[in-house]
Amino acid sequence: MLSWLPQNISTFGGDVDHLFRIIYYITGVWFVAAELLLLYFLVRYHKSRRAKSVYVRGNGAQSAWVLVPVLVVLVLDLSIDKVGGEVWNRIKIDLPPAGDVVHITGKQFNWEFTYPGPDGKFGTADDQTIENELHVPAGTVVRFELTSNDVIHSFFIPTLRLKQDAMPGRRIKGWFEATQPGTYEIACAELCGFGHYSMHGVLTVHSAQDYRKWVQSRWGAPQTAAK
Ligand SMILES: [Cu+2]
């Protein structure tokens, strides 16, 4: 039923999809039930039937009509919050140790990816900034620090189930681990100006061997992990 979701190549993608499914089915069932009830009342109390509606004061047992749905909604809400909180902690709070670190900067209308180079340190001569191309090895935790040069953007890689606002003046930390080599779309998910539609890039997930080759082609030496 949810086959329209994009392919998932992220280690935490399953958690995000699980949360999505819970919210989707709970709200879906309530939406259909509410619409059906509305339709039933439309027919049941149509003026041609001359049906007299009842005035409910909400006294005694009648208040159950309010209290029971409130309780049901509260329980469903809290269970979504519980699963949501666990997923949030796993993805946003407990950042795992990283093999590679990359700095990402959004600007009207490009994504800039800065790699620390073979010395693993940012702010040195061997740093390289590449526009709209993010290269990572598969099966490795990649940490990023995300910021923006101008307005609010949103860094979005659908296949990684990763979406994070990029804010000017803030460096937001995050991580991901891609599981499958290939090329995937990077988009901006925040309307950020007249060129917003064109603000996209390509994520290339390499096998470990291909990644070494790519690093060598850019720096001429294997890249070490950033500290
Ligand atoms: Cu943007």
Side-chain angles (χ1 to χ4, degrees), residues 2 4-17 19-20 23-24 84 87-96 98-117 121-124 126-138 140-206 211 214-215 218 223 226:
L2 293 176
W4 43 267
L5 281 180
Q7 182 194 3
N8 168 31
I9 59 144
S10 165
T11 50
F12 57 66
D15 285 340
V16 176
D17 288 354
L19 181 61
F20 181 90
I23 297 172
Y24 180 83
V87 173
W88 179 269
N89 283 340
R90 266 202 295 279
I91 299 174
K92 298 281 188 187
I93 306 294
D94 308 325
L95 305 184
D100 290 287
V101 179
V102 59
H103 286 176
I104 306 171
T105 305
K107 63 181 172 64
Q108 290 170 319
F109 297 94
N110 276 316
W111 292 109
E112 276 181 0
F113 301 100
T114 302
Y115 299 82
K121 291 192 182 78
F122 287 98
T124 52
D126 67 347
D127 291 8
Q128 282 196 32
T129 298
I130 307 173
E131 287 215 329
N132 297 327
E133 270 185 50
L134 176 58
H135 293 260
V136 299
T140 302
V141 172
V142 176
R143 286 254 205 122
F144 61 81
E145 282 188 36
L146 179 64
T147 191
S148 166
N149 271 353
D150 36 49
V151 299
I152 301 174
H153 300 275
S154 181
F155 185 66
F156 184 29
I157 304 181
T159 48
L160 283 180
R161 303 298 190 266
L162 174 67
K163 189 189 270 177
Q164 172 63 59
D165 275 4
M167 314 282 287
R170 284 189 62 184
R171 306 192 70 81
I172 298 171
K173 290 182 177 179
W175 69 280
F176 62 85
E177 181 179 339
T179 55
Q180 257 185 65
T183 54
Y184 309 94
E185 189 190 14
I186 301 170
C188 177
E190 182 70 56
L191 188 57
C192 58
F194 68 92
H196 167 65
Y197 73 94
S198 67
M199 188 167 171
H200 56 79
V202 176
L203 163 71
T204 305
V205 179
H206 300 273
Y211 185 67
W214 177 78
V215 168
R218 299 288 314 194
Q223 191 179 10

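Read the numbers this way: they start at 1 and go in the same order the structure lists the ligands and their atoms.
Under the 30°/60° scheme for interplanar angles, the aromatic rings of F12 and W175 are found to stand perpendicular.
A donor-acceptor pair shorter than 3.5 Å can be found between the side chains of T114 and T129.
With hydrogens and angles ignored, the 3.5 Å screen pairs a side-chain donor or acceptor of H196 with a backbone N or O of E190. The main-chain N or O of Q108 is found under 3.5 Å from a side-chain atom of D150 such that the two form a donor-acceptor pair. Remark: the backbone N or O of R170 is paired with a side-chain donor or acceptor of T147 at under 3.5 angstrom.
F176 pairs in a side chain to side chain contact (heavy atoms under 4.5 Å, CB included) with only one of the listed residues (V141, V136, T11), which is V136.
Taking distances strictly below 2.8 Å, the protein N/O/S atoms close to the Cu ion (ligand 1) are H153 ND1, C188 SG, C192 SG, M199 SD.
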